[in-house]
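Right, one structure below, let's go through it.
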Amino acid sequence: MLEQEVKRRRTFAIISHPDAGKTTLTEKLLMFAGAIHIAGSVKARKASRYATSDWMEIEKQRGISVASSVMQMEYKDHVINLLDTPGHQDFSEDTYRVLTAVDAALMVIDAANGVESQTLRLLEVCRARNTPILTFINKMDREVRNPLDLIDEIEQTLGMDTVPFTWPIGMGKQFHGVFDLQNRCVRVFEPGADRVDVEPEVIDNLDNDQMVARFGNEFLEAKQEIDLISGVSPQFDESSFLAGEQTPVFFGSAINNFGIREVLDALISLAPPPGLREALQRTVLPEEKKFSGVVFKIQANMNPAHRDRIAFIRICSGEFKRGMNLKVARNNKEIRTNTVVSFLSQRREILETAYPGDIIGIPNHGTLQLGDTLTEGEILQFTGLPFFAPEIFQTVEINDPMRTKQLKLGLTQLGEEGAIQVFRPHLGSTLLLGAVGNLQFEVVTHRLQHEYGVDARIASAKYQLARWITSDNPKDLQRFIDSNSHRIAYDAVDAPTFLASFEAELSVAKENWPSIHFHKMREHAGLVFQSSM
């Protein structure tokens with residue numbers, strides 16, 4: 001039964017540049033799978049409906065995704081775990097960590113803009129992990145770029161072969177539908193036909209005269225393009241796809257529900273079920289009887305009324321059963337699992353059972369950290385959960401000193417979830433905030449006010465870079481900390497960090513202290529460091 005449940009699972013993330021239509025596509029996938037009945041409009045910010053995956057107050061106000069969301073649904077006897085990620089580059093750390101929890105990715109590309117910078121950055125993470133990627137080229141109902149140019153750009157920029165599974169007939173007002181190249185038919189597009197229960201018209205007889213009479217020159221142009229790509233595009237190869245070297249491509253319009261069902265069908269037929277996961281101690285197979293899972297995300301205040309913190313766990317092996325005893329491998333503490341939940345964004349249900357590939361939520365009060373491994377007793381530490389050195393630093397002050405306790409609580413919890421990095425200086429008491437992008441500071445200020453009742457001011461800090469520090473000799477590390485105490489701070493897991501105002505200061509420290517290792521990235525709470533530089 002465990003093996004059957006593993007084979008039914010598909011766990012994937014949706015990745016894209018901002019405004020490519022990722023959140024809209026997420027909503028429509030949920031609709032077609034029957035998980036929701038009405039899709040929220042991302043643009044209609046004043047309306048009563050919002051995107052299911054955008055649940056934070058600031059997301060509703062600005063119409064953007066700033067936190068990853070988890071949604072589970074069933075489709076054609078398969079269980080799909082869909083992780084919606086922030087598109088904005090300022091929240092790339094959250095996205096990187098989410099990508100460690102999935103077995104495949106769905107890349108959304110705006111047909112008017114092609115491959116954009118954030119898409120490229122996220123693809124690099126997927127390629128580093130050999131994550132299989134499906135591609136959906138969106139917004140074909142608008143005036144967009146030539147599909148041949150888009151295909152060429154994907155191949156040239158992303159360095160992977162494309163295999164079109166559908167091909168567009170026209171664009172914008174002259175968008176008539178797509179060729180289904182696998183089934184040799186045409187699926188007809190009707191503007192405004194955005195109901196889930198209305199199947200698009202399918203034409204099997206591709207007689208040229210009839211098709212030209214109905215669709216005009218757009219049909220002839222599409223036929224020529226198909227003949228061209230058929231001669232140069234490789235055949236779909238499952239092993240190349242699973243290695244992240246080849247991507248199936250679909251065209252459509254998410255806002256009009258066109259092409260959604262084809263993407264869902266491709267996800268369950270092409271994307272792999274949960275596979276093996278690497279731990280420091282050994283390789284873990286999903287079919288193993290003993291439970292194991294890894295914390296890849298922590299979210300504070302999903303239910304503001306209860307000030308809760310939910311740890312998101314990707315199950316790696318075994319079957320979860322409600323009430324089972326789990327241990328945190330980092331400190332051997334025991335976790336109660338009577339209130340473990342499953343997700344549809346912020347909506348939660350108490351969970352009885354779950355299997356590898358599923359994402360479960362464990363309410364906790366600071367017991368779990370990002371990167372923690374949960375098992376039935378075995379000491380394991382799964383690898384690959386990244387934390388990057390901040391690129392921007394700010395200090396935080398409050399208008400009302402009586403709210404200092406709430407400020408520290410809020411920053412501690414937001415730091416635990418990775419929304420921002422919080423550093424406690426070795427000398428002094430002023431907390432330092434570190435981020436990849438400025439929008440993170442705006443979100444933290446907003447959340448401090450609305451979730452913790454703290455009116456905070458953010459001010460520039462004198463530091464411009466940070467490096468985590470380690471040494472093969474603990475005494476050398478302590479001597480370095482003592483000698484540079486004014487530049488030392490500790491992060492959410494008390495990892496010592498060297499702060500510098502200029503690159504030259506870092507260079508001098510490296511030269512004077514050859515026994516100290518300076519790191520731009522750490523992996524998890526177990527302090528496995530990489531990229532020493």
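Nothing fancy with the numbering, it's 1 onward along the sequence.
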Spacing of [X] atom [atom1] and [Y] atom [atom2] [to the nearest 0.5 Å]:
X	Y	atom1	atom2	result
Asn81	Arg9	CG	CZ	7.0 Å
Lys76	Asp265	NZ	CG	3.5 Å
Asp358	Arg8	CG	CZ	9.5 Å
Asn331	Gln369	CG	CD	8.0 Å
Phe250	Asn138	CZ	CG	14.0 Å
Thr367	Arg336	OG1	CZ	11.0 Å

Does [X] use its side chain to pair, donor to acceptor, with the backbone of [Y] at less than 3.5 Å?
X	Y	answer
Arg187	Val202	no
Gln246	Asp237	yes
Glu245	Asp161	no
Asn183	Cys185	no
Lys28	Ala254	yes
Thr24	Ile255	no
Glu155	Thr162	yes
Thr373	Ser292	no
Thr337	Val340	no

Derivation and outcome, side chain to side chain contact (heavy atoms under 4.5 Å, CB included), residues Val294 and Asp372: CA-CA 6 Å; Val294 60; Asp372 273 345; over 6 Å; no

Has [X] got more than 12 heavy atoms of other residues, nucleotides or ligands less than 6.0 Å from its [atom1]?
X	atom1	answer
Arg184	CZ	no
Glu201	CD	yes
Glu238	CD	no
Arg142	CZ	no

Candidate pair Arg261 and Tyr75, rule side chain to side chain contact (heavy atoms under 4.5 Å, CB included), full reasoning: CA-CA 10 Å; Arg261 199 178 301 279; Tyr75 180 73; 3.4 Å; yes

Steps toward salt bridge (Lys or Arg N to Asp or Glu O under 4.0 Å) verdict (Arg314, Asp103): CA-CA 11 Å; Arg314 151 74 190 233; Asp103 304 301; 3.1 Å; yes

Do [X] and [Y] come close enough that some side-chain heavy atom pair is under 4.5 Å?
X	Y	value
Ile14	Val108	yes
Met324	Glu319	no
Leu181	Phe236	no
Pro273	Arg10	yes
Phe296	Leu83	yes
Phe165	Val249	no
Leu158	Val115	yes
Tyr355	Met1	yes

Derivation of the side chain to side chain contact (heavy atoms under 4.5 Å, CB included) call for Val295 and Ile313: CA-CA 4 Å; Val295 179; Ile313 289 103; 3.8 Å; yes

Search all heavy atoms of [X] against all heavy atoms of [Y] and return the closest pair with its distance.
X	Y	result
Asn113	Glu153	O-OE1, 4.4 Å
Leu82	Leu29	CD1-CD1, 3.8 Å
Ala266	Leu134	CB-CD2, 3.7 Å
Ala111	Met140	CB-SD, 3.7 Å
Pro356	Leu2	CD-CD1, 3.9 Å
Gly361	Ile310	CA-CG2, 3.7 Å

Set of residues satisfying salt bridge (Lys or Arg N to Asp or Glu O under 4.0 Å) with respect to Lys7, sequence neighbours excluded: none

Ring pair (Phe, Tyr, Trp, His ring centres under 6.0 Å) against Phe320, all qualifying residues, sequence neighbours excluded: none

Parallel, tilted or perpendicular: ring planes of Phe189 versus Phe258, cut at 30 and 60 degrees: perpendicular

Trace of the side chain to side chain contact (heavy atoms under 4.5 Å, CB included) decision for Ile335 with Asn364: CA-CA 9 Å; Ile335 295 288; Asn364 78 105; 5.7 Å; no

Qualifying residue, where the test is side chain to side chain contact (heavy atoms under 4.5 Å, CB included) with Ile15 and the options are Leu99, Thr131, Leu106, Val98: Leu99

Lys/Arg N to Asp/Glu carboxylate O, Arg522 vs Asp491, below 4.0 Å: yes

